[in-house]
Amino acid sequence: MNRLEKIYEGKAKILYSTENPDHVIQFFKDDATAFDGVKKGTIVDKGVINNQVSSRLFQFLEAKGVKTHFVEHLGDREMLVKKLEIIPVEVVVRNVAAGSLTKRLGIPEGQILRKPILEFFYKSDALHDPMINDYHIDVFGWASAGELAKLKEYGLKINSWLYDFFRERKIRLVDFKLEFGRHKGEVLLGDEISPDGCRLWHWDTNEKMDKDRFRFDLGSVEEKYQQVYRLVCGEPA
Ligand code: UDP
């Protein structure tokens, strides 16, 4: 499958058209950004790792019956995916308090949540991805009632499957963000699932193994991404 034209460039990925109008190539860059693009940098080989980790996790979720945009891992930084009309809603699921939840509600970081929390954010860099709820999604038509139900069902099921997957590999899935899109009338899981969009802590030590190392200059960023790659793409411990 060959890359034809660049159709979109985001902060961490580029999309290219292919000969097949239903398929696009998702190219994973090493560029890293944080705080709405204010902090910029590079994480060496992040693109290769995120492509591998996402491919593995999409295959795992497909086997559980989740419909995803994943078609094929093409090479180091390229994944063939189904072309989506993106639903402009970020679905965040949390198992442990961290990030914006701690800031917004004053909950201490690391507090284990009694049950998962699902949140929605409106995908808009200009507005800094504001938090929204079901009513906003309905009234502004960002997703139909059926699609919204699917986002919630998928979000919680994916959380429980990924939580166990990571736990078997000594990683605590603290929280993560999912994006969905439409393809031929169906809702598919899109984007990527990688240490860029998940908080992953070592199960025993709580050491951070995700983009927070870059966000907060914690050091050893590449080493921790590599460790996640080995744990996710190798055999369970
Ligand atoms: N997240 C993301 N992209 C975003 C916002 C959040 O991938 O634009 C991920 C983030 O890495 C974390 C989870 O979603 O795993 C929850 O993020 P949170 O709301 O705590 O915001 P943050 O602390 O990242 O500002």
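All ligand and atom numbering here is 1-based and tracks the order in the structure.
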With a cut-off of 4.0 Å, which atoms of ligand 1 are near a heavy atom of [X]?
X	answer
Asp129	8 (O)
Ser100	18 (P), 19 (O), 20 (O), 21 (O), 23 (O)
Gly99	20 (O), 23 (O)
Cys198	15 (O)
Val92	14 (O), 16 (C)

- Task: Please check atom 2 (C) of ligand 1 for a protein heavy-atom neighbour under 4.0 Å.
- Result: yes

- Query: For Gly47, does its backbone N or O pair with a side-chain atom of Asp30 as donor and acceptor, under 3.5 Å?
  - Reply: yes

- For the residue pair Phe140 and Trp142, does the interplanar ring angle fall in the parallel (under 30°), tilted (30 to 60°) or perpendicular (over 60°) class? tilted

- Task: Measure the shortest side-chain to side-chain distance between Arg169 and Trp203 over non-hydrogen atoms and say whether it is less than 4.5 angstrom.
- Result: no

- Message: Any atom of ligand 1 sitting under 4.0 Å from a heavy atom of Glu119?
- Response: no

- Any N or O on Arg94 sitting closer than 3.5 Å to an N or O of ligand 1? yes

- Query: Considering only heavy atoms, does Asp196 approach ligand 1 within less than 4.0 Å through its side chain, its backbone, both, or neither?
  - Reply: backbone

- Check each heavy atom of Glu90 against ligand 1 and say whether those closer than 4.0 Å belong to the side chain, the backbone, both or neither. side chain

- Item | All side chain to side chain donor-acceptor pair (under 3.5 Å) counterparts of Glu72, not counting sequence neighbours | none

- Item | Side chains of Thr102 and Glu109, donor plus acceptor under 3.5 Å | no

- Note on the structure: for atom 15 (O) of ligand 1, nearest protein heavy atom and its distance come out as Asp175 OD1, 2.6 Å

- Note on the structure: Candidates Arg215, Arg199, Lys211; heavy atom nearest atom 22 (P) of ligand 1 found on Arg199

- Message: Between Asp31 and Lys13, does any NZ, NE, NH1 or NH2 come within less than 4.0 Å of an OD or OE carboxylate oxygen?
- Response: no

- Task: Please name all residues satisfying salt bridge (charged side-chain N to carboxylate O under 4.0 Å, His left out) with Glu90, sequence neighbours left out, ordered by chain then number.
- Result: none

- Item | Face-on cation placement of Lys150 at Tyr154 ring, 6.0 Å and 45° thresholds | yes

